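Just below is one structure, and these are the notes that go with it.
This structure is a prediction, so every number in the text was calculated from the model and none was measured. Scope of the values below: all heavy atoms of this structure, side chains included, with no hydrogens, waters or symmetry mates.
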Protein chains: 2
Amino acid sequence: MAVSVRDVAAAASVSVGTVSNVLNRPDKVAPDTVARVLAAIDELGFVRNDAARQLRAGRSRSIGLVVLDVRNPFFTEVARGAEDRAAEEGMTILLGNSDENTDRERSYLDLFEEQRVHGVLISPLGDDESRVQRLRRRGTPVVLVDRVSEDRSLSSVSVDDVVGGELAVRHLVETGRRRIAFVGGPTTIRQVADRLAGARRAVADAPDVVLEVLETPSLTVLDGRAAGEAIRERPPADRPDAVFAANDLLAMGVLQAFNMLGSVRVPDDIALIGYDDIDFAAAAVVPLSSIRQPAALIGYTAVDLLLKEAAASDGEHAPERVVFQPELVVRDSTRGPAR
Amino acid sequence: MAVSVRDVAAAASVSVGTVSNVLNRPDKVAPDTVARVLAAIDELGFVRNDAARQLRAGRSRSIGLVVLDVRNPFFTEVARGAEDRAAEEGMTILLGNSDENTDRERSYLDLFEEQRVHGVLISPLGDDESRVQRLRRRGTPVVLVDRVSEDRSLSSVSVDDVVGGELAVRHLVETGRRRIAFVGGPTTIRQVADRLAGARRAVADAPDVVLEVLETPSLTVLDGRAAGEAIRERPPADRPDAVFAANDLLAMGVLQAFNMLGSVRVPDDIALIGYDDIDFAAAAVVPLSSIRQPAALIGYTAVDLLLKEAAASDGEHAPERVVFQPELVVRDSTRGPAR
DNA sequence: TCGTATCGTTGAAACGATTCATGAACGATG
DNA sequence: CATCGTTCATGAATCGTTTCAACGATACGA
């Protein structure tokens with residue numbers, strides 16, 4: 001069944017080495033030999049065995065990418081950007097989905113290491129970088145995505161989430177909001193913690209503003225809806241007058257809850273701002289204000305750093321850190337009249 | 001740098017065969033030998049080389065999945081379902097994104113074949129099944145996703161798109177709409193063609209209803225917005241009174257266009273229904289009516305069929321086809337008063 | 001005519017895990 | 001005590017590709 005170089009070599013009456021040369025350095029082989037070998041390949045339906053190539057080469061031509069949530073369009077955009085850059089080098093992205101779950105994250109890292117991937121891009125869950133560090137020590141280049149490394153020993157591509165959180169809340173304050181709720185969690189996720197820190201910083205500048213934190217178990221539409229319902233069920237006087245959600249999925253959930261029964265109007269009763277500026281944000285019931293991040297560019301740049309690091313092979317490559325700046329996008333959900 | 005079984009064997013003073021047995025059949029090895037080998041593995045930081053395993057095994061433990069568009073939440077749901085089933089068997093999903101582009105589709109199929117994947121799940125682009133057929137003939141199990149095979153020679157998991165299209169348009173007709181526009185394309189994509197066929201069927205039953213087709217170059221939010229703008233710019237009398245979009249992404253785009261400038265009200269002026277019932281549909285400016293498909297279940301089932309087919313190895317496995325039924329979900333976008 | 005480049009080609013030696021026929025060691029049984 | 005089973009461990013062979021030292025052939029300049 002399986003056709004190997006050996007078969008091709010026999011069919012074209014050349015040696016296996018020549019077949020390999022035709023495949024990899026056709027210019028080093030006489031033209032008519034090339035033709036003969038190609039004909040044999042075509043006739044036998046030969047397909048290279050990648051496992052054997054990899055075994056010989058020592059590492060694969062894939063890059064592992066571990067994201068927190070594939071359903072979040074932000075991450076699929078990152079993945080697309082990464083894929084674009086990888087494709088330029090004839091490489092592939094292996095997409096792993098940790099689903100905000102440490103075990104899954106670990107099992108993807110193990111898998112990628114067994115696969116001897118060219119490198120790993122990861123948006124890690126907690127603050128424990130030890131597994132990632134070990135991976136790197138063993139020789140797999142690693143680039144952190146949407147996150148900077150604690151001890152600056154790893155390359156990273158990120159967006160300044162503290163600034164982003166600050167932008168969001170400052171905007172709410174400037175448009176007259178005074179009782180702000182932060183919806184998001186768990187705070188063990190660095191992005192969440194940073195955005196909250198930014199929110200706190202913005203609030204610190206405005207003495208009459210209070211910030212309340214509603215922690216969610218994760219960052220999904222469902223969790224947002226639960227949080228929104230909790231707010232909706234309070235007596236109106238106890239409700240915040242603005243909500244800053246840690247990402248757009250949460251914000252969409254909050255919005256759904258507010259809209260149900262029509263009891264809470266956005267932005268009239270409560271203003272709402274999200275984070276990531278996913279495509280759907282603009283198409284929401286009430287078009288959603290958000291903090292925009294250059295998702296595809298993050299992925300693209302991350303692969304770029306990874307390739308550099310991999311090229312610098314043994315010679316220790318100094319970790320590079322790229323930080324993009326977030327951008328405020330104002331839409332109807334925060335545009336209404338402040339009371 | 002690279003630690004191999006040989007090194008582990010030396011460190012534990014056993015043979016390589018024993019190390020392999022510890023890894024794969026620990027029960028066949030004496031307990032204290034197991035302990036000694038595990039200690040050596042741990043100390044040396046040994047990580048199995050998957051390429052070598054695969055080479056020996058002949059095929060990999062991954063399943064390739066080629067989808068039309070990763071940004072479409074419908075497909076990421078399918079991927080999640082597939083991943084779940086694959087994980088149950090300790091296997092992995094390799095996600096490829098054809099982006100509705102034949103070249104990319106082909107290059108992913110080639111890649112997967114070189115990787116000797118366990119099988120391929122694909123939502124193929126055009127009607128040309130030849131490449132897929134060839135792949136299968138060469139021994140890679142294939143299951144079509146969201147699509148049935150022309151000549152019934154391939155297994156498939158799909159949803160009856162004709163029925164879905166019919167459901168959508170019938171609903172529009174029943175709520176009093178008479179001039180219906182179908183927005184979608186290209187019609188070379190089977191799903192689009194079928195949904196349109198269903199729409200035609202529903203219209204055929206109602207003599208006073210007209211169906212207009214606005215073909216789009218692909219199925220994205222952007223294309224939907226363009227189509228929506230085209231409709232919006234017509235004199236009101238020439239506009240349809242309902243739009244059936246071939247998927248929710250398009251529908252969201254149409255909705256955005258209608259909402260801009262506030263010139264077209266949904267559903268008062270024009271009713272709107274989409275397809276797929278993605279999570280965001282419920283959170284749209286006007287909550288979107290849609291046709292629901294069991295996305296995760298499709299992926300799950302597809303892997304299931306694939307594994308069955310792979311298990312039946314050489315003995316030709318009769319292709320199985322699973323067809324799910326779509327379901328109408330009515331929300332505000334079609335609930336308004338018919339004129 | 002002899003050296004020496006250049007060009008094409010060869011074939012064996014890796015890469016690292018798994019398999020399997022073989023055999024050693026030890027008990028139990030008659 | 002011989003025989004038979006059972007349990008463990010061994011190590012060479014294998015998977016398919018790539019690499020590389022070596023070699024024959026041809027051409028060119030000295």
Length of the CG-C1' vector between D32(A) and dT9(C), whole Å: 12 Å

Between dT6(C) atom P and K28(A) atom NZ, what is the distance in whole Å? 11 Å

Strictly below 4.0 Å, heavy-atom distances to any atom of DNA chain C: list the hits from residues 106-119 of chain B, or just say none. none

Which pair of heavy atoms, one from L95(A) and one from V70(A), lies closest together, and at what distance? CD2-CG1, 3.7 Å

So do the side chains of V145(B) and I122(B) get within less than 4.5 Å of each other, counting heavy atoms only? no

How would you list, by chain and number, every residue that makes a salt bridge (Lys or Arg N to Asp or Glu O under 4.0 Å) with E129(B), sequence neighbours excluded? none

Closer than 4.0 angstrom, basic N to acidic O: yes or no for E113(A) and R48(B)? no

Across the strands shown, which category fits V29(A) at heavy-atom distances under 4.0 angstrom: base, sugar-phosphate, nothing? sugar-phosphate

Quick check on DNA chain D: between P31(B) and L55(B), whose nearest nucleotide comes earlier from the 5' end? P31(B)

For chain A and DNA chain D, what are the first and last nucleotides along the strand, 5' to 3', with at least one atom under 4.0 angstrom from a heavy atom of the protein chain? dG16(D) to dT19(D)

Classify R53(B) by what it touches in the nucleic acid, base, sugar-phosphate, or nothing, heavy-atom distance under 4.0 Å. sugar-phosphate

Residues touching DNA chain D, which here means a heavy atom under 4.0 Å, drawn from residues 6-26 of chain A: R6(A), G17(A), S20(A), N24(A), R25(A)

Mind calculating the distance between CZ (R61(B)) and C1' (dT18(C)) to the nearest angstrom? 13 Å

For the student: nearest non-hydrogen atoms of R147(A) and P124(A), plus distance: NH1-O, 3.1 Å

Check: E105(A)/N101(A) side-chain N/O donor and acceptor closer than 3.5 Å: no

Can you tell if the side chain of D84(A) reaches within under 4.5 Å of the side chain of V303(A), non-hydrogen atoms only? no

With no hydrogens and no angle check, do the side chains of E88(A) and Y300(A) hold a donor and an acceptor under 3.5 Å apart? yes

Can Q293(A) and F74(A) be said to form a side-chain contact (heavy atoms from CB on, under 4.5 Å), step by step? CA-CA 9 Å; Q293(A) 315 194 73; F74(A) 170 73; 3.6 Å; yes

Can you give me the closest heavy-atom contact between D69(B) and F75(B), atom names plus distance? O-CD1, 3.5 Å

Suppose we screen for side-chain contact (heavy atoms from CB on, under 4.5 Å). Which residues come up paired with L111(A), at least two apart in sequence or across chains? Y108(A), Q115(A), T92(B)

Does any residue of residues 35-52 of chain B have a heavy atom under 4.0 Å from DNA chain D, and if so, which ones, in number order? none

For Q133(A) and S153(A), which I'm curious about, is there any donor-acceptor pair between the side chains at under 3.5 Å? yes

R56(A) CZ to dA13(C) P, in whole Å, measures 13 Å

Pair N49(A)-E114(B), side-chain donor/acceptor within less than 3.5 Å: no

